Amino acid sequence: MLMIVVACSGDHISPGKDLYVLQKPTNFPEPRYTFENNRITKEGIELGRALFYDPILSSDSSIACANCHQQVVAFGDPVHRFSKGVGDRDGIRNAPALQNLAFQSHFFWDGGVTHLDFTPINAITSELEMAENLSSVVKKLQRSKTYPKKFEKAFGGNNVTSQKLFFSLSQFMAMLISADSRYDRYVRNEGEVLTSVELEGMKLFRVKCATCHASDLFTDGSFRNNGLDVTFKPDSGRARITELIGDRGKFKVPSLRNVELTAPYMHDGRFRTLTQVLNHYAQGVIHSETLDPTLNQNESLGIALTEEEKSKIISFVKTLTDKTLTSDKRFSNPFLK
Amino acid sequence: MLTLFFFLLLLGSCSEPEIHDGPGTLTLHFDNVVGDANLKLNTTNTPYINSKSEAYKITTLRYYVSSIKIKNDDGSVYTDELRSDGSAGYYLVNESDADSHDIVLENVPKGNYSEVTFTVGIDANQLNQGAQTGALDPVHGLFWSWNSGYIFMQVEGESPASTEAGHVFQYHVGGYKDVAGSTSQANNVKTLTLGFNGDVAPVEHGHEPEVHIIYDVDKFFNGPGSTVTFTANANRHSPKSCVDIAGNISSAFTVDHVHAN
């Protein structure tokens, strides 16, 4: 009887057999992703992983997600300030690291996408990235020798749809959890010891940085102008989405997890080193209408930091490096065996 | 063999019950016209004339219909099932796809129906539930990935009067929310209720009435919201820029007649 009901009500997703329960790290907030609509399965993750590493998603089969999101650097782009799309086109922003995405509510530097499922659309359809259209991607996948079978295993039915494509990529991306750094093992009392310099750095960090880089996600998810520029003509950031003058020059506060690996820094990748970043906060903050108030207190710009304090903070943020994420075989290129 | 067996089982399970009091089917047929003429896409000339005396042709006409309710003479209302991921209850009427002109409501309880209510527009708040399918599948090219939402009334064509490149016009009506201070967001979603002009659509097993709904492009260009000229602002993409023209949507739909069948 159940079969009959299902058969009559159209094209339903039936998740693969191997259900996977995503374990929330104990020091993390609750996830935001709608797992109830997209149950994670081993088959779904495997499909998402293949798609993530397959240039079939781009118009000329030259660019995969993984081109600009490389595992070895927490799924960021270590080489390019502005990542390269098809035909060697320059993007307009630095590719962000991909980690702990199931715990975020806004995506991209301007937060213009509010659900993880929709994030691939922008990369696939942007002329500067994969320059492809969705119906063409779906057709290519349907025609391929291998994908229809993988889609069937992951979601049932022999047809490829964009929904299944996005669901599988979300399953893979949701799995990219970084919660096994030395810092994590220290705060969870798992026997890790931080050095005295790292601990002093942590104390300084909590006073001077954690207003924005808050919680164990090391971001509060807000949009702020951190004093990089006076005018915002080339990229107005959050205001591109909200069209509010008051949002000009604001960008999403990035997580600092794996920050040791994710150079270059800032939305436009203008800083190559962590020292440059801290020098910016100590001496380089520029005033503008929308400058974050936390960087303009007591009539002084930026964050007061001595050289020694900068060095300690850098020691601390390096404890956020998570080799488990960057070496996990489940997330590596499945086409290289 | 197993497949065949399953297919037969499917057919069997979906056929209607053999009783006359059982539910039936009601079809909403959308007929797109321009004034007195049936709409023809991509004509070689510009056969239509708007109320500003500007000649034009239409190259694309698509719109979303959803949240359909039909009212029975006894006061009860049948509500078409709506699933927020787009897998049911959302319909994309596309002039160039004849099949899409018929919205077939199945398993409608027996009764005499005399009024239909539907929404032109997509309340994209549902997008917080994730990837969409069916009529809402982004492959249709009507999904805005930044600032997520849908174009739900797409009217494109050409007019010698248009000052845009290639003399084109593109009215992409979308927008489901008013945002204070925003220069682009607006709520252009329209919900319409249309009576059957004294007719009834008698639904029962064996009778499959069809309600013939006309969408008049001429009225989309000339209604209570605005009288459109192609000489200015003929490419409109942001919700705010379409507020006036969206005010014409409701009056562009009328019920023409009912086939009792």
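Predicted model, so just to flag it, every value in this text is computed and none were measured. Note on naming: letters A, B, ... go to the chains in the order of the sequence lines (proteins, then strands), and numbering restarts at 1 for each one.
- Within a 6.0 Å radius of NZ in A:K153, no more than 12 heavy atoms belonging to other residues, nucleotides or ligands are found.
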Practice item. Apply side-chain hydrogen bond (donor to acceptor under 3.5 Å, both in side chains) to B:D137 and A:Q163, showing your working. Key: CA-CA 7 Å; B:D137 193 318; A:Q163 187 185 41; over 6 Å; no
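- The minimum heavy-atom distance linking B:P138 with A:F166 is given by the pair CG-CE1, 4.1 Å.
- Note that the CG atom of A:N159 and the OG1 atom of B:T133 stand 8.0 Å from one another [nearest 0.5 Å].
- Atom CD1 of A:I121 sits about 14.0 Å away from atom CH2 of B:W144, to the nearest 0.5 Å.
- Once rounded to the nearest 0.5 Å, the distance linking OG of A:S162 with CG of B:L136 reads 10.0 Å.
- Looking at A:N133, there are no atoms closer than 4.5 Å to chain B (heavy atoms on both sides), in backbone or side chain.
- Shown here is A:I245, whose CD1 atom has no more than 12 heavy atoms of other residues, nucleotides or ligands within 6.0 Å.
- Counted within 6.0 Å of NZ on A:K24, heavy atoms from surrounding residues, nucleotides or ligands total more than 12; the atom is thus considered enclosed.
- Looking at A:F108, only its side chain comes within 4.5 Å of chain B, counting heavy atoms on both sides.
- Sparse packing is recorded around CD of A:E289, with 12 or fewer heavy atoms of other residues, nucleotides or ligands lying under 6.0 Å away.
- More than 12 heavy atoms of other residues, nucleotides or ligands shown are found within 6.0 angstrom of NZ on A:K84.
- Scanning all heavy atoms of the two residues, the minimum distance from B:A180 to A:L244 falls at O-CD2, 4.1 Å.
- Heavy atoms from other residues, nucleotides or ligands lying under 6.0 Å from NZ of A:K140 number more than 12.
- Each of A:R32, A:E243, A:R240, A:E36 has some count of heavy-atom pairs under 4.5 Å with chain B, and the biggest count is that of A:E243.
- A donor-acceptor distance shorter than 3.5 angstrom exists from the side chain of A:D117 to the backbone of B:A131, with no hydrogens or angles considered.
- In A:R39, the CZ atom is not crowded: 12 or fewer heavy atoms of neighbouring residues, nucleotides or ligands sit closer than 6.0 Å.
- Contact count versus chain B (heavy atoms, under 4.5 Å) is highest, among A:G246, A:S135, A:G111, for A:S135.
- The number of heavy atoms from other shown groups lying within 6.0 Å of NZ (A:K42) does not exceed 12.
- Between the side chains of B:Q129 and A:T34, no donor N or O sits under 3.5 Å from an acceptor N or O.
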